Amino acid sequence: MSKLKSKFEISSFGIYEIWDEKSKKLPNIQDFTTRIPAQIDIEFGFILHATKAKGKRLDWTIFHPDVLDKKGRVMPPFEGQVHVRNNDWEFYLGDTVWEPIQDKLGDWRMVIELDGKIIADKTFSVLEEYGDGEIQFWKKRGY
């Protein structure tokens, strides 16, 4: 008999609706992109879909630009762990932009590992000038 092999894939990535981390409901995707406009409270990240992985521990890390703490020191990367709860499971890994915006500009790399092996890796660029993307188009028009 063959052993069940876990499978992991990023099912969506980009800009999401504001997420309530206490809710069991994952945020809905608004725009598939890795270019994030530098706007307060914009939510960005990805959803990892795991199959046949119940009980496995995943380690996640968010490498950010030199984000400063309240004392003006560069914060270490954000890290955490999560356990896969069932054999068809989804997990949202993301962050948001907060005041002051200037130290949030740059690349944000989000990584999920299983037993020291990277299973998901996505880099987002938080940009002051977003260009003429669809979100910016509608925002300029008051929507």
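Model, not experiment: these values are computed from the prediction.
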(message) Let me check something: do I10 and F44 share a hydrophobic cluster, defined by ILVMFWY side-chain heavy atoms less than 4.5 Å apart, either directly or through other members?
(response)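 Yes: a chain of side-chain contacts under 4.5 Å links I10 to F44.
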(request) Indicate, with yes or no, if F63 and V97 share a hydrophobic cluster defined by side-chain heavy-atom contacts under 4.5 Å among Ile, Leu, Val, Met, Phe, Trp and Tyr. (result)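 Different hydrophobic clusters.
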Does the side chain of [X] reach to within under 4.5 Å of the side chain of [Y], using non-hydrogen atoms?
X: V84; Y: L58; answer: yes
X: I42; Y: I36; answer: yes
X: F124; Y: M110; answer: yes
X: D95; Y: W108; answer: yes

(request) May I have the step-by-step check of side-chain hydrogen bond (donor to acceptor under 3.5 Å, both in side chains) for T96 and D41, ending in yes or no? (result) CA-CA 5 Å; T96 187; D41 294 333; 4.5 Å; no
(message) Does the Lys NZ or Arg CZ of K54 fall within the cation-pi geometry relative to W89 - under 6.0 Å from the ring centre and within 45° of the axis?
(response)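 Verdict for W89: no cation-pi partner in K54.
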(message) Given the ring of F46, does K122 sit roughly above its face, with NZ or CZ under 6.0 Å from the centre of the six-membered ring and within 45° of the axis?
(response) no
Any donor and acceptor pair, going by atom type alone, linking the side chain of [X] with main-chain N or O of [Y] inside 3.5 Å?
X: S125; Y: G106; value: no
X: D31; Y: T33; value: no
X: K104; Y: P100; value: yes

(message) Once salt bridge (Lys or Arg N to Asp or Glu O under 4.0 Å) is applied, what residue pairs with a partner in residues 57-85 remain, sequence neighbours excluded?
(response) R57-D59, D69-R73
(request) Quick one: list whatever passes side-chain contact (heavy atoms from CB on, under 4.5 Å) with L68, sequence neighbours left out. (result) V74, D103
(request) Only counting residues at least two apart or in another chain, list the ones meeting side-chain contact (heavy atoms from CB on, under 4.5 Å) with K25. (result)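 Partners of K25 by the side-chain contact (heavy atoms from CB on, under 4.5 Å) criterion, ordered by chain and then number, come out as E17, S23, N28.
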(request) Could you tell me which residues satisfy side chain to side chain donor-acceptor pair (under 3.5 Å) with T34, sequence neighbours excluded, listed by chain and number? (result) none
(message) How long is the straight-line distance from NZ of K7 back to CD1 of I119, given to the nearest 0.5 Å?
(response) 13.0 Å
(request) To the nearest 0.5 Å, tell me how far E9 CD sits from I47 CD1. (result)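 Between E9 CD and I47 CD1, I get 12.0 Å after rounding to 0.5 Å.
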(request) Please collect all ring-ring contact (aromatic ring centres under 6.0 Å, His included) contacts where either partner lies in residues 65-87, sequence neighbours excluded, each pair once. (result) H64-F78
(request) Kindly write out the residues that satisfy ring-ring contact (aromatic ring centres under 6.0 Å, His included) with Y16, not counting sequence neighbours, or none if the list is empty. (result) Y92
(request) Please step through side chain to side chain contact (heavy atoms under 4.5 Å, CB included) for the pair E90 and L48, ending with a clear verdict. (result) CA-CA 6 Å; E90 290 184 313; L48 177 74; over 6 Å; no
